Amino acid sequence: MIADKMKPLLKNNSAIRTMFEEGKKMAAVYGAENVFDFSLGNPNVPAPAGVNQAIIDVVREEDSCFIHGYMSNAGYEDVREAIADSLNQRFGTKFRLENIIMTVGAASGLNVILKTILNPGDQVVTFAPYFVEYGAYVRNYDGELLVTEPDTETFQPNLEAFQEQLGPKVKAVLINSPNNPTGVVYSEETIQKISQLLQEKSREYGHPILLISDEPYRELAYDGVFVPYVTKYYDNTVVCYSYSKSLSLPGERIGYLVIPDEVEDSEEVIAAAVIANRVIGCVNAPSLMQRVIKRCLNEKVNLEAYDRNRNLLYSSLKEYGFSCIKPEGAFYLFVKTPVEEGKFCQICKDHQVLVVPGSSFACPGFVRIAYCVSYDQIQRSLPAFKKIAAACGLLGGEA
Ligand code: PLP
C-alpha cells in the first residue's frame with residue numbers, strides 16, 4: 001500500500017524507534033535514574049515564565065474568535081510587523097511585514113521554501129554533518145540532496161569540497177549555524193566565503209542560487225560568540241527561524257521564514273511561499289502561538305543552564321581523554337569515537353548511556369551527545385563516561 005518514497009523513511013525511522021525502545025527496556029532493567037539518555041534534542045530548560053503569562057493574557061484579553069480563527073496564510077499582519085521590527089532593531093536590516101511568513105516551526109519553514117523553489121531533479125547542497133531530516137525534506141519535492149564532506153578538524157564548512165559540488169543543477173544551499181550536531185557557529189569569514197562563491201556561481205550559471213539559513217539555535221550561542229545574520233552577506237538568502245529551542249516551545253510548532261526584498265523576484269517568491277504554506281497542509285502557523293510570540297519577542301530561555309551543562313560535560317570528557325570540539329552554540333557535543341562507531345555505541349549502551357551515532361548525520365566516527373538534560377543527569381553520568389573511556393583504551397584501560 002505505501003508509496004515507494006516512504007519505504008526508506010520507514011526503515012530509518014525504525015533505527016530511532018529502536019533506540020527509544022532500548023531506552024525504555026534499559027530503564028525497566030536498571031531503573032530510570034541509572035539510564036543516561038543523551039539522544040534527544042528536546043529542550044529541558046522550561047519556556048520563560050513570560051511565555052506562559054502571555055498565553056494567559058492573550059486568552060483573557062483578545063477576542064476569542066480572532067485568536068483561534070483563520071488569518072492570512074502568511075500569518076497575522078501585526079505579528080509579522082513586530083517580528084520585522086525586532087529583527088531590524090537587532091541586525092540593522094530593513095524588513096517589512098511582507099518579508100515575514102509565519103510557519104509551523106523550522107521543519108515546515110524548510111518545506112515551504114523547498115516546495116517554493118524546487119523543480120524535480122534540482123539539487124540542494126548541505127554540509128555534513130547535517131540534520132537528518134534535510135534529505136527527506138528535499139526528496140519531498142523530488143530534489144536531490146548533495147552532501148559536502150566535513151572538515152572534521154574544525155567542522156566549519158569544507159569550502160574546497162563545496163566549490164566542487166556547485167554545478168549548474170544546484171538551486172539552493174542549506175546551512176545550519178549554530179549547528180546540529182556539532183554546536184559549531186559558522187564564522188563571519190565562512191559566511192563571506194560561501195556568499196562569494198554563490199555570487200560567482202550564480203553569475204556563471206545565469207540563475208540565482210538560494211542560500212537557506214536554518215536557524216533554530218540562533219539564540220543558543222555561548223560566550224558572546226558572533227552569529228552573523230546571513231541576509232546581510234548574500235542577497236539571495238532566506239532565513240528559516242523557529243521558537244522551538246529559543247523559547248523551548250518545540251511542541252507548539254511556531255517559527256517564521258524571512259524572504260527579503262533582495263531575493264531575486266522576491267514578490268513572486270513570497271507569494272508562492274504563502275501558497276506553499278497552505279497547500280502542504282499547514283494552512284497557517286498556529287494562531288494562538290502567533291499572538292503569544294508578539295508579546296514575547298524579548299523573552300529568553302535560561303542559557304546559563306545549557307552553558308553549565310556544556311562546560312561540565314565538555315571538560316569531563318576531555319579529562320577522560322575524549323576528543324571533541326568545544327561547542328559554541330546549540331546544545332550538542334560531537335565526540336570522536338575512540339573505537340569504531342558501532343562498537344563505541346555498544347560500549348555506551350553497556351554502560352546505560354544513549355547517544356546518537358554520527359553516521360545518522362552523514363559523519364561516521366563520531367557520536368552526538370545532546371546535553372539538553374538536567375545538570376544532575378550529567379553529574380550522575382560522569383562515572384559511566386569514565387568507564388567508557390577506560391573500556392576504549394583511553395585512561396589506560398582495555399579496549
Ligand atoms: N533544523 C534543525 C537543524 C534542527 O535541529 C531542528 C530540530 O531539532 C529543526 C530544523 C526543526 O525544528 P522545528 O521544531 O522548529 O521544526
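These numbers come from a predicted model, not from an experiment. We count ligands from 1, going down the list as the structure has it; atoms in each ligand are counted the same way.
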Quiz item: Any N/O of N180 closer than 3.5 Å to an N/O of ligand 1?
Solution: yes
Quiz item: In a check of side chain to side chain contact (heavy atoms under 4.5 Å, CB included) between L198 and each of L211, V125, V170, L210, which one passes?
Solution: L211
Self-check item: cation_pi(R291, Y76) dist<6.0 Å, angle<=45
Solution: yes
Quiz item: Can a non-hydrogen atom of Y217 be found less than 4.0 Å from any atom of ligand 1?
Solution: yes
Quiz item: Do any N or O atoms from the side chain of K171 and from the backbone of N119 form a donor-acceptor pair under 3.5 angstrom?
Solution: no
Exercise. Report, in ascending order of atom number, the atoms of ligand 1 lying under 4.0 Å from any heavy atom of S244.
Key: 13 (P), 14 (O), 15 (O)
Quiz item: Where the side chain of D235 meets the backbone of V263, is there a donor-acceptor pair that is under 3.5 Å apart?
Solution: no
Practice problem: Taking only heavy atoms of N176 into account, list the atoms of ligand 1 that are under 4.0 Å away from them. | Solution: 3 (C)
Quiz item: Against heavy atoms of S242, which atoms of ligand 1 measure under 4.0 Å?
Solution: 13 (P), 15 (O)
Quiz item: Any chance the side chains of N277 and K115 put a donor and an acceptor closer than 3.5 Å?
Solution: no
Quiz item: So, are D261 and R96 salt-bridged, with charged N and O less than 4.0 Å apart?
Solution: yes
Quiz item: Are the aromatic ring centres of F131 and Y217 under 6.0 angstrom apart?
Solution: no
Quiz prompt | Side chain, backbone, both or neither: the part of P216 lying under 4.0 Å from ligand 1 by heavy atom | solution = side chain
Self-check item: Under 4.0 Å to a heavy atom of A107 - the qualifying atoms of ligand 1, by number
Solution: 11 (C), 13 (P), 16 (O)
Quiz item: Nearest to atom 9 (C) of ligand 1, what protein heavy atom do you find, and at what distance?
Solution: F131 CE2, 3.5 Å
Quiz prompt | atom 12 (O) of ligand 1: the protein heavy-atom neighbour that sits closest, reported with distance to 0.1 Å | solution = A106 CB, 3.8 Å
Quiz item: Closest non-hydrogen protein atom to atom 1 (N) of ligand 1, residue and atom name please, with distance?
Solution: D214 OD2, 2.6 Å
Practice problem: Give a yes-or-no answer on whether the side chains of N111 and Y141 include a donor-acceptor pair shorter than 3.5 Å. | Solution: yes
Exercise. Output the list of atoms in ligand 1 that are nearer than 4.0 Å to some heavy atom of K245, sorted by atom number.
Key: 7 (C), 8 (O)
Exercise. Could you tell me if any non-hydrogen atom of R253 lies under 4.0 Å from any atom of ligand 1?
Key: yes
